[in-house]
Visitor: 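Structure incoming, see below.
Everything quoted here is computed from the prediction, not taken from an experiment. Atom set for the values below is all heavy atoms of this structure, side chains included, hydrogens, waters and symmetry mates excluded. Order of the sequence lines sets the chain letters (A, B, ...), proteins ahead of strands, with each chain counted from 1.
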Amino acid sequence: MSTITLTLKESPSVPLETEVITPDTVADLSRSEIAALTVYHGKRVCRLDDFFDIDGEKSEHIEIHGDLHRVRMIGKGMSRGSLSITGNVGMHLGAQMSGGTITVNGNASDWIGAEMTGGLIRIHGNGGGQIGAAYRGSLAGMRNGTILVDGTAGLEVGMRMKRGTIVIGKTVRDFAGLQMKGGTIVMLSGAEIRTGAWMNRGTIISCQPTQVMPTFAYSGAYNPTFVNVYAKHLTQYGIDLPYKVSAGTYSRYAGDMGVSGKGELLVWNPV
Amino acid sequence: MQKSKHLPAGRKDRTMVLVDIRETKSVKASDVFLQVRPGKDFELITLLRAMLREQKVTDDQIAETGLTREQCVDFLDRAKAAKFGVFFFGMGLSMTRGKHMNSAALLTLAAELNAFTKFVAMPMRGHGNVTGADVIMRWQTGYPFGITFNRGYPRYNPGEFSTVDVLVRGDTDCAFIIGADPGATMPQPAIDHMAKVPTIVLDPHVTHTSKLAKVHITTAPAGIAAPGTAYRMDEIPLPLKPAIDSPYPSDEEVVRRINEAVAQKADWLGTRPQSIQHQPIS
Amino acid sequence: MSELKIINNATCTFCGCVCDDIQLHSDGNRIHKAVKACVLGKAWFLNHTGDKKYPDAIVDGKETSVEEAIQVSADLLYDADMPLVYGMSNTTCEAQKECVALADQLCGLLDSHTSL
Amino acid sequence: MLRVTGGKVFDPANGINGEVRDLCVDQGRFVGSVDGGKTIDATGMVIFPGGVDVHTHVAGGSINFARAMTPEDHRRTQAFIRTKTRRSGIGGMAPTTFATGYLYAGMGFTTVNEAAVPVLSARHTHEELSDIPIVDKSSLVLMANNEILLDLIEKGELERAKQVLAWYVSSAKAYGVKAVNPGGVAAWKYGNDAKTLTETISGYKTLTPGNVVTNLAKLVDELGFPHPIHLHCNNLGAPGNISTTIETMKHLEGHRAHLAHLQYHAYGGDDWTTMRSEAAQLAEYFNAHPNMTTDAGAVLFGDTVTITADGPWQHLLYKLTGRKWGNLDVENETGCGIVPYTYKPSNLVNAVQWAVGLELLLLIDDPWRVFLSTDHPNGACFWRYPEIVKLLMCADFRNECMRKLPVSIMNKITLPEITREYTLYEIATIMSAGPARALGLKQKGNLGIGADADIVIYNQEDDVEHMFGHPRYVIKGGEVVIEEGEIRETPDGREFIVQPKYESDTEAFLQPLFEELYTMQFENYPVEMERIEHPDIQECVPVE
């Protein structure tokens, strides 16, 4: 399997917008065509090879190396293939993507997989805010797909998401699942505050004790069957979601009553 | 205070409810004071929304916010019975943890109260004419703040293009500051970045920001020595009537001259199309 | 000192209320009275004078002319890859429009106090 | 100097129907002949006078609120990129001011009338209007819910009311008077509405919407504004509102009137499920009463944002959609609601609305009395007018579109029975000559000598939607502003205003009332003439 390798020459001085770095764009392009793709360095219109050394051509598998924290929109809208990134990466990674896989060995900034409709994003480091969220003013965030973050995450994770799965390994900041309409957020290490605020539907699972909004009503403890199914599904990514009755139960909180929501927050209580 | 067909007795026909985390001088001027626990505004407003739609909430849940059930019920009764209610909110709400979501909570509560009576919410804007900046940016760019033109047309994303974030991340390489003194108010990493890049300041005073800037230009104070227009926080524009003669030019004149000087330079826009039907990026 | 003039229904831009019922008594260089203004408004009107308290312009710590400072500013903004135009609270709508035009022309960032 | 030669000219105001004529322009106006200058060879092309929009919402507090509410639309829509000489802009449901000018000019419109301005927001509105390039503008102030004026009408002090009305229009630097849901917006301050013409308005002892309608129409005629009262009837959008609309038209007998967006006022039925078109009934009454003009307020399927001073209606719409809602209150003058909305062909109500707009345009016989509009942005965005032109000119296309509607609405609409197709001459009438005449703008909507040289030159095409959406040239005041889809120049437009005279004691009468009711100072309220960019004062001639 051939691969296109992009190596950042040096970190740009201001944000670099590179929505052209997707498998869809480069799949049929020669090396020189890839080199000539347009990127925006601040207000300047530049070529991709002004910033990247390019190796390989005509492939839907891309590897990117370098300190990409100011490089934004990588993989935006991609529908197939793979992107493998080594280094920290900037905002809007995989936003609005519909398929394919993105892997990051490093941290990623805000808006990972925002408004995505399909595909898989896996961040081995920390994620920023607004993961899988809706852009300002939009009615819906991610509509399907999977986002897995091993580390921490920022504000408004899964804001207005409709379907799909987000799993965060370490602590999540405020407003996880804000105005959520469906889908599942798993917080392996719990969250700070205001989890599930204004959620209408959907499920938030916290594997650690976490603060519950006063507008959520406790409605019993149990071991829902679907968590069982979910846990088995997540084992393929090496994620360990507790579900065994022998190990504990989930406390179920229904809300958000502030919006007459029918969402649920499940908090794991180990035996 | 203004009298009207609806409120012929002026102030006496009005009820003022003050919500704060501590007793301030404004308590004396108000009819009801609600002392909310610090950092619980969002929870309180969301609870009120729940109570408004007759959801069952427990006393414990209410107590978390620092208020009692009686206080909440009394407040909602007053709000629903009002002829015309207004929420005024300030930086205690919009600049504390939760930020824009705290404001959004109050705006939504106001909207929902319209099922009972007429209700609106209005931010108490801080300095002078910040409302004017909002209003003008909206009609000229479609967005109120947090804008980039780097693609040749406006795009919006607070958090990405808003100044504190831009400066803290080091995403700009030249800052033009007018009618503000971020050098005195912003977080230190933002100030450090302003000191690192060439910064240009227009202000009637030599400010903290001027001191770290490469360029400072003294201008006439707006409304005192410079004429023009300012927007009240309810978006009503008012004419300014300068009372003193300033030895300095107005902001308007200096920025126009900078615009003219930039326009003299070679164009870098070059090969971009004149319009695009659908924007490729959000 | 020139003759005292009275300006009725003047507008105060210290805070967002923008009261427009202030009566100002001014000698052209200093406002002596700001009738109907609140404590904040009085301080705002009475603290400004027509005196030349500051240099016209400063570049790199040295006093210079406005024209020189404008040229330097234009060069810096033009050369930048991602210039930022920020603030616009304590200024007029007319200046704000020029600021939006500047950011548009520069293809830069534009933001106001609102985002704080 | 400019000469346009060889084109087929459609100039209904001068009775010219497709004859080949040469047009000569000097100093921005049509002249008999010119010597030298540029020549445009328009052989084989179609020439119209510049389009005139009699009813649109492009500037002011409410559309500006709508802009702030819809960033998601700005992101997906057309963007105009900055050039060395031209400002950037965003199109879409609520375009930015610069883009508004580019988009109107881009489809051959050179004059637009902003139809709803509260006096308190007049200063703001004029600021926005001056940022709309290329086109000429006018604006109408909202007067049918103004407390001072309503009190005077209730007391029967009509002479005083006339003076006050003149003062308001003069202070706002407006062009005429708009009445929205007379009494209904005032009643909304009590959480009520005014749905019939004869019920007393909340907060008043005897005053009815009918009194307001008749008296405002009379006052506007007496003051002789070039444009008659511009009326948004009570009970907008509600099933069965045809009776309110006919009742309103009866109250207008003996006066000139322009009824805005009648599409929203021509419904039968008792509720949303039984709602049907009453366009035929409305058109029959309208055809027999030549004192009135109207604009269609047509609906096209798709996304838009609805904006109106009709607060009660907007709150209902918000509850129906469950989407976003913005609400503004303009002190004692008026209010405004804003709700983003999507018209869907599968929705029975929307399908009826779509049909009613077209039915009115097709069933009202006289193209001089019914004009092209979508009540932008309420029914659809103005830049979609070419789609309506195609629906009017091609019965086959209309039938094709009707096939996408639910079968169950076919007995609720008249459209399937209508075979009329508009001619180019009639299109020129409803798009330019008619609205210009209704606005009382003699220098617009015609190609006669002395008129403003606003010319649209189209390639004659079978696809009329493409033809009207892509003029070959647009000439504004003798200057080529659009050429083959490219924006060439972006000159400032003018603003048409009236300055009616009022008795010298009017201000002394108003000031104490004003100080009791308003939160700003009387002196700071009127908009100074210097604030108007390129004012063009039009004469007032009282109507007998």
Side-chain angles (χ1 to χ4, degrees), chain B residues 124-130 132-134 136-137 140 145-150 152 158 161-163 166 172-180 198 200 206 214-218 221-224 228-230 232-233 238 240-241 243-247 249 251-252 255-259 261-262 265, chain C residues 7 10-11 13-14 16 18 20 24 26 28-31 45 48 50 52 54 56-60 66 69-74 76-78 80-105 107-116:
Chain B
M124 303 281 282
R125 305 310 298 267
H127 289 288
N129 193 24
V130 63
D134 262 45
I136 289 168
M137 280 192 241
Q140 295 200 340
F145 63 94
I147 296 160
T148 182
F149 290 97
N150 76 314
F161 307 126
S162 38
T163 301
V166 162
T172 178
D173 58 350
C174 181
F176 178 86
I177 314 289
I178 175 172
I200 299 148
V206 171
K214 185 174 171 70
V215 180
H216 163 92
I217 301 174
T218 311
I224 289 181
T229 311
R232 208 164 68 178
M233 64 188 187
L238 290 160
L240 300 177
K241 297 176 184 170
I244 58 178
D245 309 313
S246 172
D251 286 330
E252 180 190 356
V255 188
R256 183 184 306 116
R257 284 166 65 186
I258 294 175
N259 255 322
V262 173
K265 297 173 181 291
Chain C
I7 297 163
T11 304
T13 58
F14 179 76
V18 193
D20 70 332
L24 299 176
S26 161
N29 185 55
R30 178 181 286 277
I31 296 164
F45 280 116
H48 286 93
K52 202 161 174 185
Y54 302 107
D56 286 330
I58 307 167
V59 174
D60 286 326
V66 173
I70 284 172
Q71 285 306 326
V72 172
S73 302
L76 292 169
L77 290 164
Y78 176 79
D81 292 324
M82 196 71 266
L84 163 71
V85 175
Y86 171 74
M88 288 171 276
S89 290
N90 289 323
T91 192
T92 61
C93 293
E94 289 70 14
Q96 289 165 343
K97 284 188 214 170
E98 288 295 336
C99 290
V100 182
L102 180 65
D104 190 10
Q105 172 166 233
C107 294
L109 294 155
L110 174 69
D111 191 32
S112 82
H113 238 114
T114 299
S115 77
L116 251 186

Visitor: How many angstroms lie between CD1 in B:Ile178 and CG in C:Leu102, if you round to the nearest 0.5 Å?
Guide: 9.0 Å
Visitor: Heavy atoms only: give me the nearest C:Cys93-B:Gly132 pair and the separation to one decimal.
Guide: SG-CA, 4.4 Å
Visitor: The test is side-chain contact (heavy atoms from CB on, under 4.5 Å); show your working for B:Ile136 and C:Cys99 and say whether it passes.
Guide: CA-CA 10 Å; B:Ile136 289 168; C:Cys99 290; over 6 Å; no
Visitor: Sort out for me which of C:Leu24, C:Asp20, C:Thr11 touches chain B most, counting heavy-atom pairs under 4.5 Å.
Guide: C:Thr11
Visitor: Looking only at heavy atoms and a cut-off of under 4.5 Å, which of C:Ile7, C:Thr13, C:Ile31, C:Ile58 has the most pairs with chain B?
Guide: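 The option with the most such pairs is C:Ile58.
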Visitor: Looking at CD of C:Glu98 and CG of B:Asn259, how far apart are the two atoms once the value is rounded to the nearest 0.5 Å?
Guide: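 Taking CD in C:Glu98 and CG in B:Asn259, the distance rounds to 5.5 Å.
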Visitor: If we check side chain to side chain contact (heavy atoms under 4.5 Å, CB included) with B:Ile200, which of these qualifies: C:Val59, C:Val72, C:Ile70, C:Leu77?
Guide: C:Leu77
Visitor: What I'd like to find out is whether the side chain of B:Lys214 reaches to under 4.5 Å of the side chain of C:Asp60, using heavy atoms alone.
Guide: yes
Visitor: What option among B:Ala180, B:Pro198, B:Ser162 has the most heavy-atom pairs under 4.5 Å with chain C?
Guide: B:Ser162
Visitor: OG of C:Ser26 to CG of B:Asp245: how many Å apart, nearest 0.5 Å?
Guide: 7.5 Å
Visitor: Go through C:Ala10, C:Ala80, C:Ala101 and name the one with the most non-hydrogen pairs under 4.5 angstrom from chain B.
Guide: C:Ala80
Visitor: Would you mind reporting whether C:Asp104 and B:Gln140 have side-chain heavy atoms less than 4.5 Å apart?
Guide: no
Visitor: Kindly compute the distance separating NZ (C:Lys97) from CD (B:Glu252), expressed to the nearest 0.5 Å.
Guide: 9.0 Å
Visitor: Taking C:Gly87, C:Ser73, C:Pro83 one by one, which has the highest count of heavy-atom pairs under 4.5 Å against chain B?
Guide: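 Among the listed options, the one with the most contacts to chain B is C:Ser73.
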Visitor: Begin with the C-alpha distance, continue with both residues' side-chain angles, and end with the deciding distance and a verdict on side-chain contact (heavy atoms from CB on, under 4.5 Å) for C:Glu94 and B:Thr229.
Guide: CA-CA 7 Å; C:Glu94 289 70 14; B:Thr229 311; 2.8 Å; yes
Visitor: Would you mind checking which part of B:Ile217 comes under 4.5 Å of any heavy atom in chain C, side chain (CB onward), backbone (N, CA, C, O), both or neither?
Guide: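 Contact with chain C involves both backbone and side-chain atoms of B:Ile217.
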Visitor: Does C:Asp81 reach the side chain of B:Asp173, with side-chain heavy atoms less than 4.5 Å apart?
Guide: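 SC-SC contact between C:Asp81 and B:Asp173 confirmed.
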Visitor: Find the one option among B:Asp251, B:Val262, B:Thr148 whose heavy-atom pairs under 4.5 Å with chain C are most numerous.
Guide: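 Heavy-atom pairs under 4.5 Å are most numerous for B:Val262.
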Visitor: Let me confirm one number: the CG-CG distance from C:Asn90 to B:Asn129, rounded to the nearest 0.5 Å.
Guide: 8.5 Å
Visitor: Relative to chain C, which of B:Val166, B:Thr163, B:Ile177, B:Leu240 shows the most heavy atom pairs under 4.5 Å?
Guide: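 Counting heavy-atom pairs under 4.5 Å, the top option is B:Thr163.
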Visitor: Hey, which of B:Gly223, B:Pro221, B:Ala230, B:Pro247 has the most heavy atom pairs under 4.5 Å with chain C?
Guide: B:Pro247
Visitor: So which of B:Pro249, B:Ala175, B:Cys174 has the largest heavy-atom pair count under 4.5 angstrom toward chain C?
Guide: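 The option with the most such pairs is B:Cys174.
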Visitor: How close do C:Arg30 and B:Ile244 get, counting heavy atoms only, and between which atoms?
Guide: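 The pair with the smallest heavy-atom distance is N-CG2, 3.6 Å.
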